[in-house]
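Written out below as structure tokens is the structure these notes cover.
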Amino acid sequence: MALDDAFEAREFKVVGTRPIRPDGIDKVTGRARFGADASASGMLHGAILRSPHPHARITSIDTSRAESHPSVKAIVTRDDFAKELSGEDWNVLENVMAGERVLYDGHAVAAIAATSVLAAKEALALIDVVYDPLPFVTDVDEAMRPDAPVVREGVADESVPEGMNPNVVRYHENGHGDVDIGFAKADLVIEKTFKTEAAHQGYIEPHACLAQLGADGNGELWCCTQGHFVAARICARLLGIDASQLRVTASEIGGGFGGKTTVFIEPVALALSRKSNRPVKIVMSREEVFRATGPTSSASMDVKIGMRKDGRITAAEGEFRLQGGAFPNAPMEFAAMAAFAPYDLEHVRSKGWDVLCNRPKQAAYRAPGSPMGAFAVESVIDELCNKLGLDPIEVRIQNGSKEGSRAAFGPRFKRIGLIETLEAARAHPHYRAPLKPGQGRGLSCGFWFNHSGETSVTLSLSYDGTVSLAVGTPDIGGSRASMCQMAAEELGIPFDRVRTTIADTGSLGYNDVSHGSRVTYASGLATIKAARDTIQKCCARAAEEWGIDPEAVVWEDGCAKPSGHNAGDFEPMSLAEIAANMGDTGGPISGHFEATPTGAGVSFATHIVDAEVDRETGAAKVTRYTVVQDAGKAIHPSYVEGQFQGGAVQGIGWALNEEYVYGDDGRLQNAGFLDYRIPVASDLPFIDTVIVEVPNPGHPYGVRGVGETSICPPLAAIANAVSNAAGVRMTHLPMSPPRLLKAMQEAGIG
Amino acid sequence: MVEVVLWASLRRLADDRESVEVDAETVKDVLKGLVEQYPALRPHLLDRGVSVSVDGQMVTSGWNEKISANSEVVLLQRIKGG
Amino acid sequence: MKMMHVTTSINGDPTEFLCDPRETMLDVLRDRLNLTGAKEGCGTGDCGACSIILGGEVICACLMLAAEAEGQDIETVEGMANDENLHPLQKKFLEHAALQCGICTPGILVAAKALLEKTNNPTETEVRYWLAGNLCRCTGYDKIVRAVMDAAEEMRSL
Ligand code: FES
Ligand code: FES
């Protein structure tokens, strides 16, 4: 960590206020242009033919009938993409367009570009594909059995012990101490098995793009993505062209939550455009989004924890089996690493298994892996507290990680704010509020690492002293506002003197995706540093004008000033004055920052939930919800609260209703919002928020990422509330009415 | 010399050692040093990539990050996000 | 298929268009009339991102055939602001930060406007049930409900 990235306490003028977001008017008037809102002259419409089988060999694809349709201008199959790919590039291509076999219901097989959407869809029926169906498996535990149908051979890496089903492709283990010694010291040991089902990120905007690619490899792509630089890089590889020849512009993005960190339709639209020599637009239907983009993993988990009568945890052990569809990289290691992170444990061991199934390739979903792991661990802790008659917050404070604690995943924590969130939760009126009959209260902590990644920012002065800030991380939830705030803060100018633009890949250096809660941290840090670079240049201009040493100039309240009387007696020179003369004093002034910062601070949250259960129908409802989370420093508190609330509500959906349901035929049964039910306004109470600010030592203002941690505690907190209300421990999510009713009946309740 | 802590499932590829001493001034030296001593670590460390925690700070791709002899250096699975 | 000729009014503008009889009102608004404010989140009437007002009632444009617009009055999000002046709902959505990604916003604003035209003093529960057909995945609805109630209050005092 470079020294000048370090946190420094200060008074803020703009940071911490709640200005109106700069892109706000566009978004409330319908002017903002999202993925599907672009068009081009001569544009064709693409449609994708998808497998009806969960697993089959493709015997033949005959496109001749479709080709003779008068509106069809191009058809592509796997042959139209790069050949010699390997590793993750091959995985992405195989997922974008099937090769020899289809690996899940919905897997793309061929695509058509035609003169209208209706014609393209109509012509799909004219492509004749002959399939040879193969045995399939869609459940993680079944896929691990020695005799389970094999999804793909030869995928496993060197971490997997010999003799396992080839569906088991990666193994991970972390921890320290000796759990047997620890369990021997416990007064009570509880061990349970848990399951969570796959949930979809559920962004309201389906994937959409508009592509133009010439035979010379020169192209333009407009798409809704969390990372257009990464999209350019992947598409270029899949099409066999140069990344710099493909200029990608990020549209406004209608939600992502991790699901738009990779590509699905973009390479297909580019291939169709290359073949037809016309712009091609593809917009996914909601059904395609469910069947063929990346939901999160489903999980099967065993957790065992030992506790003394006084509440001290003596040992903890977990095993986390995650399926990530027909491709490797289910986030089992993050489940294993994050699950015990909130606790300072002497003896802890976590194992993770990455398993293939005939389902779509999982994509990241907000803190991938962590919510499932937390569900299992925090449920067992709740049960231990209940059985030993201990207060769940006191137990968590007693065992909680703090600065210097050794994390279950290895390192010692720097300054962290878990205990502060627990103390704030304990002090919150919600925690002491009486419950009505039939209600239960649940509590959980959650943890996420937070990410940094490659970051480039350019800050340029205009002649009138206003500032143009170019960042490369798509704005998903109001980040332009926080960038403007940080630039304004550093430069000492008003918020509305800065305009932030999401620059295309041809206009700015490389940027990692908007993921890992990294935008406010990394693009924010880059903005601060680019502003400081600009200030240095402005001070040099003033110094030259005054004929003094640049070192003798300081920047205060938006002006260059001599550092003291010794430096000379000059009137302060404002940013506007310096900008007005920049052409004559040395040329345009811009500040830059390009780096991969390393100070992303981890973050913790504590959630309190009240739920009530209808004993006749098995329906559970959340009646009160409080999120307490450490944000390090909230740049724009409204949008921080919004992240807390959004994460909590996605957690409510995952805990109570949302689930990928596969039939005996291996096909997805509920590929639509009617049957895959995400929370609606009438399901919910207000979501109370408490922002705790324990500064991240690795950011100049103390910022920690906030976007992901908010989905880590809800599954567990809600399961604890519902279990306490129902009188039976719920170990399988979602706790949909039939599942909850069955659990109560089996326990003789109701 | 710097002591580098390995996560449990990596240890199998490094003679079951919990930590390995390497001569390193930067994160890159750590990775190179480990792979020289235990070539079986190469696919994970260099081909697929890891994160390195240096004194509690997560280094995902900063190979030039400086390390001192008493730094706490822990290898982690490569951190990603949603 | 033979095109149909339709004469209608959109946000007060007399409008004519040709459409395929299979096209929905949402298709025509977005693809033929370039009014892309209404969004398609599902195409099956489940998300409300395509909400428009037809003869005073809020409907899903994805469930309406374009040919049905003949002789009707249609309002979309593009018609909500009065020239330079935002509608109180639009202002309150910005003040309350009631949008994150903003894809659901046009549909929710249109639906909320229809509510406030029916009642100027809705309860929290009424707002929640009225908006139950409009999905938002980002906000958890908290700030949306607050913004709608605050806009109602402001409109009552006008
Ligand atoms: S697009 Fe019409 S309701 Fe979803
Ligand atoms: S703000 Fe993103 S869906 Fe509502």
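Computed from heavy atoms alone, side chains included, the values below leave out hydrogens, waters and symmetry copies. A note on names: the letters A, B, ... follow the listed sequences, proteins ahead of strands, and every chain is numbered from 1.
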So how far is it from [X] [atom1] to [Y] [atom2], rounded to the nearest 0.5 Å?
X: A:H200; Y: C:R137; atom1: NE2; atom2: CZ; result: 9.0 Å
X: A:E205; Y: C:C104; atom1: CD; atom2: SG; result: 11.5 Å
X: C:L35; Y: A:D37; atom1: CG; atom2: CG; result: 11.0 Å

Would you mind checking which part of [X] comes under 4.5 Å of any heavy atom in chain A, side chain (CB onward), backbone (N, CA, C, O), both or neither?
X: C:D20; value: side chain
X: C:F93; value: side chain
X: C:T139; value: backbone

(request) Keeping to residues at least two apart or across chains, list the salt bridge (charged side-chain N to carboxylate O under 4.0 Å, His left out) pairs with something in residues 126-136 of chain C. (result) C:E124-C:R128
(message) Show every salt bridge (charged side-chain N to carboxylate O under 4.0 Å, His left out) that has at least one partner inside residues 673-688 of chain A, sequence neighbours left out.
(response) A:R677-A:D683
Between [options], which shows the greatest number of heavy-atom pairs under 4.5 Å with chain C?
options: A:A32, A:P685, A:S39, A:G256; answer: A:P685
options: A:R31, A:R18, A:Q201; answer: A:Q201
options: A:R33, A:E641, A:E287; answer: A:E641

Tell me, side chain or backbone of [X] under 4.5 Å from chain C's heavy atoms, or both, or neither?
X: A:Y203; answer: backbone
X: A:I652; answer: neither
X: A:A648; answer: neither
X: A:F257; answer: side chain
X: A:E252; answer: neither
X: A:L674; answer: both
X: A:S285; answer: neither
X: A:V28; answer: both

(message) Out of C:V77, C:I108, C:L135, C:V145, return the one with the most heavy atom pairs under 4.5 angstrom to chain A.
(response) C:L135
(message) Please identify, among C:R146, C:H87, C:E23, C:K91, the residue contributing the most non-hydrogen atom pairs under 4.5 Å to chain A.
(response) C:R146
(request) Using a cut-off of 6.0 Å, state whether more than 12 heavy atoms not belonging to A:F495 lie near its atom CZ. (result) yes
(message) Taking atom CG as the centre, does A:L118 end up with more than 12 heavy-atom neighbours from other residues, nucleotides or ligands that are less than 6.0 angstrom away?
(response) yes
(request) Mind running salt bridge (Lys or Arg N to Asp or Glu O under 4.0 Å) on A:R21 and C:E95 for me, showing each step along the way? (result) CA-CA 9 Å; A:R21 62 196 281 171; C:E95 277 170 27; over 6 Å; no
